[in-house]
Amino acid sequence: MGAQKKGATARVSEDPEELARHPLQAILLADSFTTKFRPITLERPKVLLPLVNIPMINYTLAWLESAGVEEVFVFCCAHSKQVIDYLESSEWSSQPNFSVTTIESHNSISAGDALRLIYERNVIHGDFVLIRGDTVSNMSLTQALQEHKDRRKKDANAIMTMVVKQSKPSPITQQSRLGTDELFMAINPVTKQLLYYEDKAEYSKGFISLDKTLIADNPSVILHNDKQDCYIDICSQEVLSLFTDNFDYQHLRRHFVKGLLVDDIMGYKIFTHEIHSSYAARIDNFRSYDTISKDIIQRWTYPFVPDVLCGSSAIKVERQGTYRASDVTLSRSAQLGSFIFIGQGTKIGNDTKISHSVIGERCTIGSNVTIEGSYIWNNVTIEDGCQLRNAIVCDGVILKSGAVLQPGVILSFKVVVGQQFVVPAYSKVSLLQQPTQQDSDEELEYADSTSGTGELRSDKLNGDIAPDLSETASELGTGGVGYIWKVFEGAYDEEWRHSVAPIPTDKLVKLMLDRDEDEELLTQDGNVISASGELKTDSDGNGSEDDDNEDSRDDYVSFEKEVEATFLRAVHENVKVDLAVLEVNALRLSYNMASVDCGGAIFYSMMKLAVESPHNSASELHRNAADIVTTWQKLLKSFLHDIDEEIEVILKFEEMCLESAKDFAALFPQVFLMICLDLEDALMGSR
């Protein structure tokens, strides 16, 4: 099942114009070759996990089709039968001008093995897109493809173009908003050639080592830590042959990309294409699952959003970012907050409160239940009085009355939590016992299976195998069914770093203190990396003041956007003010901004939210602004310490009235007076 296309030609053209006439092809890896989503992926492949109630792979395929790809080869390994059965029964089996062909393997243990097998099948006839089945994007491929083809005409060694996007990591956690490690990339700013790639930097050293020939051969090199790897690659056919020639290439980035960058014999080159207004991100861990789900609900991924992918007749978008299926049964006393999704056939009881969550299909939720920041999949039963915060609950789970899921809990398929039982924070619970050995990150999702095949695991998903109730009841309370997996020694930090739950305040404070101590020690040693990432030769040392000013303006625009995203997250997720202050402070340090810059950016975000909130009159707009300023004045005052800084905020508001928020122009005197009074009260109260 799922074999190759017939009649592939053995001849490979070297003429770029001839290559351009081939249909655009893509290789989609439907296996992550990691274990980060265990225990869930012991029973279901990652690409079929629901992302806002739609299988992940649907987002990837929908984007490929919209981007002009005509042939997709889906490589399946772990749980390959589930993937193949899903694709054959889905809409993707009959799309005009868009063919999806599966290639199945039970022996591949890495992305390198997958690409070697695809090379043997001889199905790729020109440049192709390489992507994972857990990637969400709405970018246009036109410009990136053209850049790749133009470079190939001039230099046959330009074999790969990687898509990147700006994303400042947190200076406290040293990870991105997707929960991935801080990434260092050295890029030639003129040619966009990638010169250095490191996602496993040793922060304790306080410096990055670059080969001196890299500096000598490039008049200008910028070392970035503000780029996100989108894991969308445009490749020439040579990429496949290189994997075949080098069996040491297993991981796409750690082995292949790094290997080419240090290989000075073959001379192959990798380039980057940076996107700005488009969206692209890969679901690498539970934190990125949470982040990307929120981005989808807030429509950053448009047109790949639930009401478009499912059809507007099936899903309705309501006020405050609420998506609701047509046949939801909702009690009159139930309270639905902002940014939620509720699937078909779901029933919600009296006085239940739901906010910032995704509820799947055919779920039964009792009375007096609280659900915040959680992902409830299909056919889940939640009895009266349960509390769930920042958790993932898979298909068929039952929570008996009064059960509590603390932040970060993962309940795999058909787990039962007993009455009044409290599942500890960051627990992973499954009907399957935890493997006795900790698998490496390079192994298959089913690597611990004694049969060596993933399909045995899927039997439990269908209810054919159940654990002995007497053995597991004590772990999850009275009537509970399932095993609570233990956290391996040294892995606890990874749990809260990669969790769907926000990082606890005490962890952030400790990280900040540790960072300050490390910086002090490194400063004494003289090993701190310069705040500027640009490395130039002496001959290129006379930079213009205009360029510096332009860079500063660009930095502030990026900073303002990051602050706005942080503020909106605080509003929509009910983040405490103290934690919001910490996050804005982290951005201030990251961008080297002053406190007044923070105050101005926060106030801009507050007024922008007021304008974008529903209002039908000037008085309602004024009320919106008054409510937001009153609610968040403590956050604002944290960054305004004297009268001069207050005036800066007033000037910021005046600028908004003249430019970006003209709705406020007529209300300027009223809002101006309100701001002055609120700031005066806030500042007097802090003295």
Side-chain angles (χ1 to χ4, degrees), residues 52 136-139 164-180 182-183 225-228 230 274-283 287-302 305 320-321 337-339 355-356 373 390 500-503 508 553-593 595 597-613 628 631-632 635-636 638-639 652 656 660-661:
V52 194
V136 179
S137 179
N138 62 7
M139 69 170 285
V164 299
K165 183 177 177 64
Q166 186 171 35
S167 178
K168 280 271 186 179
S170 165
I172 300 175
T173 62
Q174 293 173 325
Q175 65 181 30
S176 72
R177 62 190 291 267
L178 299 175
T180 53
E182 183 175 14
L183 173 63
N225 73 333
D226 61 349
K227 295 288 183 279
Q228 168 195 320
C230 300
E274 184 171 357
I275 58 175
H276 300 280
S277 58
S278 302
Y279 188 91
R282 181 183 170 223
I283 301 161
R287 184 169 300 283
S288 52
Y289 177 89
D290 173 63
T291 300
I292 295 172
S293 295
K294 288 182 169 67
D295 291 343
I296 292 170
I297 290 173
Q298 295 178 26
R299 306 183 77 78
W300 291 106
T301 62
Y302 188 86
V305 290
Q320 295 184 307
S338 56
F339 298 112
S355 63
H356 304 97
N390 305 111
V500 296
I503 296 178
L508 288 174
R553 284 192 293 271
D554 291 344
D555 283 347
Y556 185 77
V557 170
S558 299
F559 169 73
E560 196 172 60
K561 288 180 179 178
E562 293 269 14
V563 171
E564 181 185 0
T566 299
F567 174 71
L568 291 176
R569 190 161 57 249
V571 172
H572 298 317
E573 298 178 16
N574 299 314
V575 174
K576 292 181 179 179
V577 171
D578 291 344
L579 182 56
V581 171
L582 274 176
E583 292 183 356
V584 175
N585 260 323
L587 291 172
R588 177 178 64 82
L589 294 170
S590 179
Y591 281 90
N592 195 26
M593 295 292 174
S595 289
D597 296 322
C598 298
I602 291 168
F603 185 72
Y604 173 84
S605 304
M606 294 164 71
M607 293 299 100
K608 187 177 178 184
L609 177 61
V611 171
E612 294 178 350
S613 297
I628 293 169
T631 303
W632 294 96
L635 174 63
L636 185 59
S638 299
F639 299 97
K652 185 73 175 177
M656 287 184 67
S660 56

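Among residues two or more places apart in sequence or in another chain, the side-chain contact (heavy atoms from CB on, under 4.5 Å) test is passed with Ala570 by Val575, Ala580, Trp632. Taking Lys165 as the reference, Cys230, Ile275 meet the side-chain contact (heavy atoms from CB on, under 4.5 Å) condition, with sequence neighbours excluded. Remark: Ser137 engages no residue in a side-chain hydrogen bond (donor to acceptor under 3.5 Å, both in side chains) (not counting sequence neighbours). Remark: Asp295 pairs with Arg177, Tyr279, Thr291, Trp300 by the side-chain contact (heavy atoms from CB on, under 4.5 Å) rule, at least two apart or across chains. For Glu564, the salt bridge (charged side-chain N to carboxylate O under 4.0 Å, His left out) test picks out Lys608, with sequence neighbours left out. Looking at residues two or more places apart in sequence or on another chain, you find no side-chain contact (heavy atoms from CB on, under 4.5 Å) involving Thr631.
Judged purely by atom type and a 3.5 angstrom limit, Asp226 has no side-chain atom pairing as donor or acceptor with the backbone of Gln166.
Taking the side chain as every heavy atom from C-beta outward, Leu178 and Ile292 approach each other to under 4.5 Å. The closest side-chain heavy-atom distance from Asp597 to Phe639 is not below 4.5 Å. Under the 4.5 Å side-chain criterion, counting only non-hydrogen atoms from C-beta, Lys294 is not in contact with Phe339. Counting only heavy atoms from C-beta outward, the side chains of Pro502 and Asn390 approach each other to under 4.5 Å.
Residue Thr301 comes nearest to Asn138 through the heavy atom pair C-ND2, 3.5 Å, listed as atom of the first residue, atom of the second, then distance. Among all heavy-atom pairs drawn from Ser293 and Val52, the shortest one is O-CG2, 3.8 Å. Smallest separation of non-hydrogen atoms from Glu583 and Thr566: OE1-CG2, 3.2 Å.
Between atom OG1 of residue Thr180 and atom CZ of residue Arg282 there is a gap of 10.0 Å, rounded to the nearest 0.5 Å. Atom CD1 of residue Ile297 and atom OG of residue Ser338 lie 10.0 Å apart, to the nearest 0.5 angstrom. One finds the CG atom of Leu609 at 9.0 Å from the CE atom of Met606 (value rounded to the nearest 0.5 Å). To the nearest 0.5 Å, atom CD1 of residue Ile628 and atom CZ of residue Phe603 are 10.0 Å apart.
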